[in-house]
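Inspection log for the structure reproduced underneath, given as structure tokens.
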Amino acid sequence: MIKISKRPKKTEKKSEDLLKGLFSSLFNDPDAIVVKTDNYGRVINLNVTAQRFFRFSLFEVHGKPFVGTLIPLNQKSKIPFPLISRRIKSSPSEFITEIMKKDGEKGLVSWSHFSLNNNLGDKSGLLYIGYDITNFKDICKPHEIGGNFSWSIFDDIQVFFVVIDKKGKIIFANRKVCDLTGYSANELRSKDISDILFPMQKWIDNLKEPFSNDKCYFSMEYPSKTKYGEEKFISWTISEIKDSKDNIRCFAATGIDVTFQKKLEEQLRHAQKMEAVGRLAGGIAHDFNNILTGITNYTQLALKRISLKDPVYPLLKEIDILLEKASAITSQLLALSKKVPFSPKALNVNNLIKQMLNFLRRILGERIEIIFEQAEDLRMIMADSSQIEQILMNLCVNAKDAMPEGGILKISTENIFIDKNNCFNKLTKPGYYVCISISDTGIGMEKSMIKKIFEPFFTTKGEGGTGLGLSIVYGIVSSHGGFIDVKTSPKKGTTFKIYFPVTDFKEKKEKIVKEEIPIGGNEMILVAEDEDVVRDSAIQILEEYGYKVIGAKDGEEALDLFFKYKDSIKLLFLDTVMPKKGGKEVFDELKRDYPLVKFLFTTGYNIDEIRSSAFPETDIYFIQKPYGVTKLVKKVREILDSP
């Protein structure tokens with residue numbers, strides 16, 4: 001059984017890197033007050049805006065409770081702390097609290113919060129994103145409204161401001177609201193607020209509780225659509241407006257655009273899902289690699305032992321070819337978490353697509369017409385060709401499924417320059433990109449589906465779909481520093497545009513060199529591997545080439561055998577993860593006292609990750625599972641012949 005504690009542990013750093021990447025823009029937002037707490041409500045980070053607003057440095061409040069330090073204790077019941085509920089809500093929520101600054105000055109802040117997960121899926125704290133609405137509250141305090149009062153004094157304030165009568169009709173909307181909706185002030189006047197900004201009945205229901213407790217304001221967040229169909233998320237603060245006799249005359253609402261904040265929240269939640277699926281995929285890939293190693297080793301041994309004229313030989317050869325393709329699936333699984341070991345090289349996408357066209361035509365069938373339009377002088381990208389092939393394969397198969405009656409699949413390439421004014425979001429870097437466009441004439445999707453299609457396990461194919469195809473595409477594109485844009489509508493097809501940053505490196509034509517298996521030897525080798533099929537097949541390969549081999553099923557047995565045959569053993573071939581003791585523990589116990597003994601490690605996980613986490617300062621030989629006869633024998637001979 002594999003001990004989880006022996007797996008590579010870089011998750012904490014990767015999670016922090018992920019958070020820093022997604023929220024770098026938000027932390028630098030001069031308007032956003034960002035506070036990060038642990039599970040017990042203790043402050044662990046403030047952005048610069050928060051430090052200026054509260055007039056506390058991070059050093060002064062680090063480790064102190066949010067409530068009682070930055071939030072008055074009488075506001076405690078309003079804050080969804082795990083300190084109070086012992087639970088963290090998984091979905092974002094909004095609320096308003098009073099705050100107190102270092103010098104005692106009070107204010108009002110509208111907060112959004114959501115939970116943060118670590119890479120084990122456990123709750124690791126809360127992130128609070130606030131906006132100062134102190135002045136907005138003053139605007140919305142109960143006023144004595146006279147007949148000559150003019151709302152136009154609010155026309156130039158830099159927040160959304162709208163006044164509604166008791167029936168939900170708009171009395172006044174300032175210029176900011178006009179800009180948001182695309183309507184003029186005259187067009188908005190007398191329109192029902194439910195048709196423009198938020199549902200009146202839901203608003204009234206939400207107002208009942210706070211107003212019954214003599215509170216003059218309420219906060220809620222709601223998506224608003226502009227006149228041209230664009231969706232914006234607005235955080236609204238709503239208040240009663242009373243006359244001199246304390247009768248409600250109307251309601252006033254002020255709003256702040258939190259669309260970008262919502263997008264960041266969605267990206268973080270999606271990234272956390274990808275991390276969770278990536279961990280699952282890593283375990284599956286490891287187990288799958290062990291099975292593939294055994295099948296590959298025995299297949300290649302069988303090929304070596306039978307004649308080329310044997311009728312079984314071509315069948316075994318076909319199995320060997322299929323095994324190579326099967327081993328690529330492990331890379332696809334690892335791509336979900338961006339942990340796939342890949343070899344980026346300067347790549348001309350046009351050449352790659354042309355090489356795939358015949359294969360794609362066979363896969364998609366005669367009812368799908370494939371059109372390829374290539375850009376002249378297409379720039380190079382730095383990418384792993386096998387992973388770009390996987391992107392094309394997944395998207396083309398999806399396109400086929402979207403055209404059950406047949407149709408046209410169009411693949412095109414072009415050079416694109418994206419400047420800072422045309423970036424898809426604040427995380428997109430301006431510069432030159434190569435765009436791969438894949439369009440179909442299929443059934444299409446509702447635009448609301450676009451937000452979900454890259455989520456792990458989300459599928460529109462019913463029981464026939466795994467929900468991993470587009471997640472794999474997302475992981476590969478992200479690991480290459482690219483991004484994806486999707487255009488779709490029902491019955492009008494779907495277009496995926498994949499953007500990869502260009503490189504100045506030139507494509508190198510690789511020479512095809514026939515691999516020759518080196519002559520074996522008679523040295524003694526100790527093979528330690530907990531999977532029987534992998535251990536037994538490796539032993540047979542090495543014995544086939546003349547080596548004396550002894551096997552161990554775990555690290556402790558490997559040490560016992562080593563001390564028994566230490567004068568004869570020249571090489572230890574160790575799996576990195578084994579029960580009782582793994583390869584790293586065996587290495588640590590032997591290397592100092594037996595410096596002449598050589599080591600070769602194998603793993604079904606990512607070699608680069610294992611090397612950097614377990615052997616950061618040591619020059620160690622590795623071989624990735626599944627390895628097969630040629631790779632294993634060559635690597636063993638290389639190590640034994642090395643000085």
Side-chain angles (χ1 to χ4, degrees), residues 1-2 283-334 341 386 514-555 557-558 561 571-579 582-583 599-605 607 621-640:
M1 183 178 293
I2 296 174
I284 295 173
H286 171 268
D287 295 342
F288 192 38
N289 269 333
N290 277 331
I291 296 171
L292 283 179
T293 302
I295 300 173
T296 300
N297 290 351
Y298 283 127
T299 299
Q300 292 184 4
L301 278 173
L303 284 168
K304 183 179 181 298
R305 291 176 181 177
I306 66 174
S307 168
L308 294 174
K309 297 180 180 181
D310 193 302
V312 177
Y313 185 90
L315 302 178
L316 289 173
K317 192 64 179 176
E318 191 65 28
I319 293 173
D320 193 37
I321 293 171
L322 291 173
L323 285 168
E324 285 188 25
K325 295 180 179 179
S327 67
I329 295 176
T330 58
S331 294
Q332 298 166 26
L333 291 172
L334 289 172
S386 64
K514 185 179 179 181
E515 265 190 320
E516 295 184 1
I517 302 179
I519 299 173
N522 59 2
E523 294 92 340
M524 178 175 282
I525 298 172
L526 170 58
V527 176
E529 167 66 60
D530 58 309
E531 291 287 341
D532 294 343
V533 66
V534 178
R535 182 180 63 252
D536 294 344
S537 62
I539 290 173
Q540 287 196 44
I541 290 172
L542 294 171
E543 287 180 339
E544 187 87 11
Y545 284 85
Y547 297 102
K548 301 170 185 175
V549 189
I550 51 176
K553 64 179 180 297
D554 56 53
E557 186 177 356
L561 288 172
L571 173 68
L572 280 79
F573 181 28
L574 306 171
D575 188 14
T576 55
V577 180
M578 292 184 288
F599 293 85
L600 171 60
F601 292 91
T602 187
T603 182
Y605 297 114
I607 282 182
Y621 290 100
F622 269 95
I623 187 170
Q624 177 78 53
K625 295 179 181 177
Y627 38 78
V629 173
T630 302
K631 289 182 181 178
L632 177 59
V633 176
K634 284 183 68 174
K635 182 61 70 174
V636 166
R637 195 64 259 162
E638 175 191 345
I639 297 170
L640 289 173

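- A side-chain contact (heavy atoms from CB on, under 4.5 Å) with Leu571 holds for exactly one of Ile525, Leu542, Val527; it is Ile525.
- Taking OH from Tyr545 and NZ from Lys634, the interatomic distance works out to 12.0 Å, rounded to the nearest 0.5 Å.
- For Asn297, the side chain to side chain donor-acceptor pair (under 3.5 Å) partners two or more places apart in sequence, or in a different chain, are Ser537.
- By the side chain to side chain donor-acceptor pair (under 3.5 Å) test, Asp532 pairs with Arg535, sequence neighbours left out.
- Put simply, OG1 on Thr299 and CD on Glu318 are 12.0 Å apart, with the number rounded to the nearest 0.5 Å.
- Rounding to the nearest 0.5 Å gives a distance of 8.5 Å between CZ of Phe601 and OG1 of Thr576.
- With sequence neighbours excluded, the residues satisfying side chain to side chain contact (heavy atoms under 4.5 Å, CB included) with Leu561 are Leu526, Ile550, Ala552, Glu557, Tyr565.
- For the pair Lys635 and Phe573, the cation-pi test (distance below 6.0 Å, angle within 45°) is failed.
- In this structure, the separation between CG on Leu632 and CG on Leu600 is 7.0 Å, given to the nearest 0.5 Å.
- A donor-acceptor pair under 3.5 Å links the side-chain atoms of Glu529 to the main chain of Glu531, judged by distance alone.
- Remark: Gln624 CD to Lys631 NZ distance equals 9.0 Å, nearest 0.5 Å.
- Interatomic distance, NZ of Lys304 versus CG of Leu316, reported as 14.5 Å (0.5 Å rounding).
- Looking at Gln300, its side chain does come within 3.5 Å of a backbone N or O of Val629 through a donor-acceptor pair.
- A donor-acceptor pair is defined here as one N or O able to donate and one able to accept, closer than 3.5 Å; such a pair exists between the side chain of Thr602 and the backbone of Ile623.
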